[in-house]
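Following: one structure in structure tokens, then a few remarks.
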Amino acid sequence: MEKDICCIGHITRDKIITPDNTVYMAGGTSFYMAWGINCLPPKTSFKLVTKVGEGQMGEVEKMRNAGIDVECHKSTHTVYFENKYGANSNNRTQRVLAKADPFTLDELRNLDAKIYHLGTLLADDFSSDVVKYLSTKGLISIDVQGYLREVRGESVHAIDWKDKEDVLRCTDILKLNEHEMEVITSYKNPRTVAMHLAEYGVREIVITLGSYGSLIYADGKFYEIPAYKPSVLVDATGSGDTYSTGYLYCRSQGMGCEEAGKFAAAMCTLKLEHSGPFDRTIKDIRKIIR
């Protein structure tokens, strides 16, 4: 049966180090999106496709027991990230202690969805052939973060996007942050970045700017989305993925870009107040927006 949203990405093991605490937990775009969307009213049908090593199957079973539709493929290893934050949550250093196997065309051939959200974590998660194939079946939504991460030893280095032009031509919705936009375009002005990326054919460009809010560019129009201040700032890990969750949840129901952006920003604010995925309600989101 066709789903409204299909998120494809690795569930990770994460070690999160903040000035006050060290936490070990699961993570990855797929993890944050699946749990986040599971907290919202079921107006949007959702499927998760992931790939983990044997030791992380417990996380998959937790999701299935919570009612999340999960298709899981075997991997030699599970992605293992170490994320270290300073006093400023916008600043993060990262190490990769293990990598998972990339997704293959055969694993994704039978999927059926209106929107495919590719939660890239590392540069080789999805080949351009995989993206091209999925684009023939539905809309493609991409978070660029993983395409710009190259692992050397255990260190993560920012790189330009290897198959950028090929992948962007297949992409309908693109999400990136203020650091990533400079890596892939060399421009510092988010409006210039958005217009440049639109020239590839990307229909909606979403640029998150940390505590400065976010900017959405679609159909030749800009939407400035505010950042809502959290009551307490605990952990920024997964905040970008939570934004994508809220944005696609709204857009898949036909809501406009501005409404979707504000909903997504409010979800992020609530997620920042604790470690782990979004765990509040739609009433909490609407209260933040008001």
Side-chain angles (χ1 to χ4, degrees), residues 1-12 14 25-52 56-57 59-64 66-73 75 78-79 81 100-105 107-122 125-127 130-131 133-135 137-147 167 170-176 204 206 208 237-253 260 263-264 267-268 271 276-279:
M1 190 174 85
E2 185 183 51
K3 298 289 185 179
D4 293 315
I5 301 171
C6 176
C7 176
I8 309 170
H10 297 103
I11 296 174
T12 68
D14 283 356
M25 59 176 292
T29 296
S30 58
F31 175 81
Y32 286 98
M33 180 167 279
W35 282 113
I37 216 160
N38 206 46
C39 290
L40 302 174
K43 294 179 180 178
T44 294
S45 57
F46 176 80
K47 182 184 184 75
L48 169 63
V49 178
T50 191
K51 199 165 183 174
V52 299
Q56 203 72 339
M57 280 303 298
E59 290 296 333
V60 173
E61 291 309 316
K62 280 184 198 174
M63 288 179 165
R64 287 173 173 160
I68 299 169
D69 182 359
V70 185
E71 179 180 314
C72 185
H73 298 275
S75 172
T78 294
V79 182
F81 277 116
D101 302 329
F103 289 91
T104 68
L105 210 53
E107 291 166 343
L108 309 179
R109 206 176 289 281
N110 294 325
L111 297 179
D112 190 11
K114 294 174 183 173
I115 301 173
Y116 296 96
H117 181 67
L118 307 186
T120 61
L121 297 177
L122 297 170
D125 285 352
F126 300 98
S127 70
V130 164
V131 183
Y133 173 71
L134 290 174
S135 72
K137 295 165 67 76
L139 300 179
I140 297 294
S141 168
I142 287 180
D143 187 324
V144 308
Q145 59 180 341
Y147 280 109
V167 175
C170 302
T171 304
D172 300 281
I173 303 168
L174 186 74
K175 185 198 155 294
L176 62 167
E204 296 174 28
V206 179
T208 56
T237 305
S239 57
D241 301 319
T242 302
Y243 191 110
S244 292
T245 302
Y247 188 77
L248 294 179
Y249 175 80
C250 293
R251 293 294 284 142
S252 69
Q253 295 174 56
F263 187 95
M267 271 190 83
C268 276
K271 186 267 154 289
F278 176 86
D279 63 354

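- Using a 4.5 Å heavy-atom threshold, the side chains of L108 and V49 count as touching.
- For an aromatic pair to be called close, the ring centres must be under 6.0 Å apart, and H10 with F103 satisfies this.
- Nearest heavy-atom pair across L134 and I8 is CD1-CD1, 3.7 Å.
- Side-chain N/O atoms of T29 and Q145 include a donor and acceptor closer than 3.5 Å.
- W35 and F31 have perpendicular rings, their planes meeting at more than 60° on a 0 to 90° scale where under 30° would count as parallel.
- If you run side chain to side chain donor-acceptor pair (under 3.5 Å) between S141 and each of K175, H117, E204, only H117 comes through.
- Evaluation of the salt bridge (charged side-chain N to carboxylate O under 4.0 Å, His left out) rule for K3 yields D69 as partners, not counting sequence neighbours.
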Test side-chain contact (heavy atoms from CB on, under 4.5 Å) applied to D125 and L118, step by step: CA-CA 9 Å; D125 285 352; L118 307 186; over 6 Å; no
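- Listed by first and then second residue, the salt bridge (Lys or Arg N to Asp or Glu O under 4.0 Å) pairs involving residues 25-46 amount to none (not counting sequence neighbours).
- Between K51 and E107 there is a salt bridge, with a side-chain nitrogen of the basic residue lying less than 4.0 Å from a carboxylate oxygen of the acidic one.
- Put simply, the residue from V60, L48, T50, L111 that forms a side-chain contact (heavy atoms from CB on, under 4.5 Å) with E71 is L111.
- Between F263 and Y247, the gap from one ring centroid to the other reaches at least 6.0 Å.
- Between the side chains of T44 and D4, no donor N or O sits under 3.5 Å from an acceptor N or O.
- By the ring pair (Phe, Tyr, Trp, His ring centres under 6.0 Å) test, F278 pairs with no residue at all, sequence neighbours left out.
- Put simply, the side chain of V206 reaches to within 4.5 Å of the side chain of Y243, judged on heavy atoms.
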